[in-house]
Amino acid sequence: MAPSLERTASSAKTKSNKKKNATTITSSPPPPPARQQSIHQILKSHESKRASEELETPEASPNSKKRKTLQGAKDRNNTSQSPVKAVSKASMYNFSSSRGSGSAVVDLTKSPVSSPNHRSRRISVTARVDTSNLNGAPKRIIVKNLRDTPRSDPNQYLINTFKGIDEALTALFKDRQPSWSNEELYRGAENLCKLGKAKELWKIVQESCKKHVAEVFRSNLVARAQKGNVEVLEAVLDAFTTWNAQRTKLRAILTYLDRAYLLKRREPSIEDTTRDQFRDLIFNDATLKPKIIDGTYDLLLADRQGHMPDHAMFGDAIKMLHTLQVYSSFESIMLARSQEFIMAWADKECAARELPDYVAESVKLMDVEMKRCDQFNLDLSTRRDLLTKLEDLLINRKEAELTNLDSVQDMLDSEEATAVANLEQLYTLLQRRQSGTKLKPAFAAWIDLTGTDIIFDEKEQERMVIRLLALKQKLDNIWRTSFHTDQVLGHALRESFETFINKTKKSSGTYNTGNSKPGEMIAKYLDILMKAGAKAIPTTSGSSTGAPLKLAQSNSSTAPSLKPTVSIATADNDDEGEEVEDALDEDTEVSNQLDHVLDLFRFVHGKAVFEAFYKKDLARRLLMGRSASNDAEKSMLARLKTECGSGFTQNLEQMFKDIELARDEMIGYKQRLEHNDRKAAIDLNVNILSSAAWPSYPDVHVNIPIEIKKTIDNFEQHYNQKHSGRKLQWKHALAHCQLKADFPGGKKELVVSSFQAIVLLLFNGRGVDEHLTYDHIKSEAGLTDAEIQRTLQSLACAKLRPLTKHPKGRDVSPTDTFTLNTSFKHPKYRVKINSIQLKETKEENKETHVRVAADRQFETQAAIVRVMKQRKTISHAELVAEVIKSTRSRGAMDVD
């Protein structure tokens with residue numbers, strides 16, 4: 001840096017050729033200053049000295065001035081002619097003065113002393129440079145100081161500023177307008193900080209604020225502390241609001257103090273200090289603190305009870321607690337009291353309400369509590385801890401009530417839509433604590449109980465499969481929708497379904513054989529489905545918005561009939577939505593229903609019972625030509641083969657092959673007749689069956705009419721000639737015929753069984769009123785009493801009656817007589833009367849059950865032999881376990 005320059009004022013005179021008032025700048029070092037003066041003082045003394053000299057000189061007229069001027073010019077000429085005297089650098093920067101009172105050194109680098117009211121200004125200097133001698137002599141600069149002297153005392157300024165700020169604080173705390181403007185207050189505080197008075201200023205502000213909070217706010221609040229909690233809280237909130245407004249203005253005035261002094265010294269800011277003063281003096285007051293916290297919780301409790309007086313007050317209270325950083329004091333007390341409230345609420349609601357209502361109210365309570373936390377900006381820790389307490393007290397503490405067997409069963413017994421909604425809410429509530437699987441015992445118990453009632457309900461055995469399908473659909477819907485496909489509950493569903501569907505008991509329905517009744521009923525339902533097609537399928541019937549599955553039984557005695565309808569609501573015109581029946585693809589519907597039935601079949605262990613009845617019904621359908629769809633038959637056969645293996649369906653496949661071979665055989669027989677120019681009087685169709693593949697049928701003796709007998713003998717002769725070494729056994733009980741009848745009411749074509757045809761042919765050539773006795777018909781037909789009664793009852797006592805029984809009645813007795821029904825009418829030309837042939841008799845059902853039980857005993861014995869050959873030596877318990885394991889798929893056994 002450049003060295004500082006000092007100005008030396010000297011009272012010695014300069015050379016005679018230089019002007020008297022000029023200041024010479026030399027480079028010689030100045031002598032030690034005796035007294036430091038400002039430029040203003042130097043210039044002022046110089047001007048006063050010059051004025052006094054001019055007053056003492058006699059030549060004060062203009063002529064004298066001229067002479068001085070001429071004399072000055074002459075002196076300059078003389079000077080120019082005389083040799084120039086060199087000026088050193090030291091003397092160049094020396095300022096001489098005509099004052100004889102010693103020398104004074106002036107520091108040009110320092111500013112003059114200024115008062116606080118007058119900030120430092122630049123020195124205004126007028127300089128005149130003498131350029132008459134440019135031959136190497138230094139230039140002369142004449143400097144004049146034009147600055148005024150300070151107008152005020154700095155100490156007095158400090159006193160005034162402190163006083164003004166103090167008055168402003170007093171006015172601010174009394175909500176009055178200060179005499180000084182905000183800018184004047186800000187500048188005053190800034191100047192105090194710059195003059196090193198920040199500490200004193202900050203001390204004054206602290207004391208003023210503390211005094212105001214203590215004497216004004218606290219005294220007023222303590223005086224009102226005897227009132228209610230909410231009233232005290234309201235007064236505190238008003239005081240805090242007022243204090244916030246006051247300290248906001250205070251921060252604006254003292255911003256420079258906050259930033260330049262407190263921030264640099266890392267001391268609490270004005271914001272923090274004023275906040276802490278309110279907290280320490282008011283909130284932490286022993287009288288006010290309990291009132292504030294209790295008042296805040298009272299507002300919360302009022303909101304929980306549904307009658308909070310002022311939501312804004314509660315929000316302001318929470319905001320104040322956050323601002324004062326005392327929220328944790330309220331949080332701990334609030335959580336403790338909330339625990340008591342929730343516990344009492346849970347006990348009361350659980351005792352007064354049903355389980356679905358309690359679950360709904362619990363979910364509602366948790367939602368309201370969480371919304372309150374968000375609405376009033378409660379801490380995340382409060383939300384977390386409060387939610388934990390809610391779940392612990394409403395769920396964990398009431399887990400026994402939530403998973404109660406009777407309560408859950410009541411929910412499952414309700415309508416499907418209601419059950420799904422209630423169970424979903426219950427499962428979701430339990431799943432909050434990972435307790436959704438706790439519903440497994442109640443869920444499994446209800447499935448087992450409900451399913452057991454279905455399979456052992458002897459009055460509704462005909463509808464067993466329909467009810468099981470509806471139950472399975474409902475459970476699947478609950479598992480998917482309500483339980484969100486929970487794997488544990490899904491396993492419980494399958495396990496419980498498998499348990500009850502394989503329960504057996506010796507009853508009249510199984511003729512005390514202990515066979516699986518579900519296996520039998522599934523086979524019969526498939527028989528109904530294959531005969532009726534899509535008409536037997538339970539489907540949705542309702543509005544377009546979706547309705548629950550309704551299973552209804554038709555008036556038909558053979559199969560339940562459910563007509564699929566799709567209701568479409570239209571918005572055209574103002575008419576209500578009209579139902580439009582839309583025909584569905586029967587093959588697709590039947591295929592889907594077969595999948596549902598197969599789901600039930602997978603649970604059944606006693607597949608031997610199913611196999612026996614399905615095989616018997618399939619044979620009846622194939623022989624009678626009653627299958628609604630050949631593709632559906634083959635589709636079911638493929639499913640069974642996939643599910644049970646080729647060994648299970650081997651005989652069933654052979655049955656289809658026999659029907660195809662028989663069809664080819666009849667084509668060959670008819671071609672031979674045509675080749676021999678022989679035309680049969682009766683159109684005969686024979687099915688040749690393999691005895692090993694088809695069910696066994698008893699031989700029933702019957703007298704075949706002569707014309708039919710001849711036709712049968714001709715075919716048998718043809719068959720023996722074509723296939724040597726084979727013997728045909730005729731099963732007339734399975735035969736059916738088509739008769740053309742001429743009634744008085746018109747001609748009809750009757751589809752009847754072979755036994756019905758034999759009886760009707762007895763009335764050919766008879767008079768209209770001619771009676772045939774029971775004994776005569778029996779002797780001519782050659783049937784047993786059971787068969788003849790069954791046949792006559794189907795012809796004279798059924799809905800369609802080609803014969804008339806005398807006397808009228810529903811039962812046939814040996815004393816009855818029969819005549820041709822002359823009033824027989826039917827809108828169709830082709831009339832089916834052989835429905836009795838398609839039905840299974842009780843004797844046939846019993847025979848099948850007994851045969852299955854006997855086969856199971858034989859299979860058990862064979863399994864014992866296989867195990868003993870393999871193991872050689874085995875304990876009894878292990879032998880029983882191995883035998884049960886190997887024969888389980890064929891049916892259950894009683895182990896004594």
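Keep in mind the model is a prediction, meaning the values are calculated, not measured.
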Listed partners of H723 passing ring pair (Phe, Tyr, Trp, His ring centres under 6.0 Å), at least two apart: Y719
Residues in ring pair (Phe, Tyr, Trp, His ring centres under 6.0 Å) contact with H718, at least two apart in sequence or another chain: Y669
[X] with [Y]: basic N within carboxylate O range, under 4.0 Å:
| X | Y | value |
| --- | --- | --- |
| D527 | K616 | no |
| K670 | D683 | yes |
| E520 | K517 | yes |
| K778 | D785 | yes |

Short side-chain donor-acceptor distance under 3.5 Å, R639 and S635: yes
Side-chain donor-acceptor pair present, D713, Q717, cut-off under 3.5 Å: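 The criterion, which ignores hydrogens and geometry beyond distance, is not satisfied for Q717 and D713.
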Results of salt bridge (Lys or Arg N to Asp or Glu O under 4.0 Å) for R602 - residues two or more places apart only: D599, E643
Sub-4.5 Å side-chain heavy-atom contact between [X] and [Y]:
| X | Y | result |
| --- | --- | --- |
| L684 | N714 | no |
| L820 | L803 | yes |
| V686 | W730 | yes |

F610 and H605 aromatic centres sub-6.0 Å: no
